[in-house]
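Position 1 is the first residue of the sequence; numbering continues from there.
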Amino acid sequence: MSAKKVRVEFLDGSGQGVAGVPVKVTGCAELHSAPTGQAFFLVEDENFAVFANGNEVYKGTLSSLPEKIVFHQDGASWKAA
């Protein structure tokens with residue numbers, strides 16, 4: 001299978017993007033979310049996971065990948081919308 005772009009977005013309680021969230025996806029280097037709260041990865045593994053602040057926050061497959069994976073701040077952690 002060819003690589004696909006995985007777009008993640010981190011939002012606070014009021015729906016605003018959160019900058020600087022350390023985020024990593026299986027097989028990719030760690031990035032920090034942009035001022036818009038977004039980060040983009042090129043993923044090759046069919047089964048992948050997303051980690052924010054070192055904690056796994058999402059598991060999925062490239063074949064069922066949504067347009068973007070949105071996370072909402074839940075105290076000190078993140079929950080997929």
Closest non-hydrogen atom pair between A52 and V21, with its separation: CB-CG1, 4.2 Å
Determine, step by step, whether V23 and F10 satisfy the side chain to side chain contact (heavy atoms under 4.5 Å, CB included) criterion, reporting the C-alpha distance in whole Å, the side-chain angles of both residues, the deciding distance to 0.1 Å, and the verdict. CA-CA 10 Å; V23 58; F10 295 90; 3.8 Å; yes
Shortest non-hydrogen separation from P35 to A19 and the atoms involved: CA-CB, 3.6 Å
V70, V57: one ILVMFWY side-chain cluster at the under-4.5 Å cut-off? no
Roughly how far apart are F40 CZ and R7 CZ, rounded to 0.5 Å? 5.0 Å
Going from CG on N53 to OG on S77, what distance comes out if it is rounded to the nearest 0.5 angstrom? 9.0 Å
E56 and A49 have their tightest heavy-atom pair at OE1-CB, 3.9 Å
Which heavy atom of F41 sits nearest a heavy atom of C28, and at what distance? CD2-CB, 3.7 Å
Minimum side-chain heavy-atom gap V18-L11 below 4.5 Å: no
Q73 and D12: which non-hydrogen atoms are nearest, and at how many Å? OE1-CB, 3.6 Å
Please check this pair: side chain of S33 against backbone of A39, looking for a donor-acceptor N/O pair closer than 3.5 Å. no
Do V6 and L62 come within less than 4.5 Å of each other through their side chains, counting heavy atoms only? yes
ILVMFWY cluster, L31 and F51 together (side-chain gap under 4.5 Å): no
For the atom pair CD (E67) and CD (E9), what is the distance rounded to the nearest 0.5 Å? 10.0 Å
Walk me through whether F71 and V8 qualify under side chain to side chain contact (heavy atoms under 4.5 Å, CB included). CA-CA 8 Å; F71 299 96; V8 297; 4.1 Å; yes
Please report the interatomic distance NZ(K4) to CD(E44), rounded to the nearest 0.5 Å. 13.5 Å
Any chance you could lay out the side chain to side chain donor-acceptor pair (under 3.5 Å) test for S63 and E46, step after step, and finish with the verdict? CA-CA 7 Å; S63 56; E46 171 62 21; 2.7 Å; yes
Which atom names give the shortest non-hydrogen contact between K79 and D74, and what distance separates them? CE-OD2, 2.9 Å
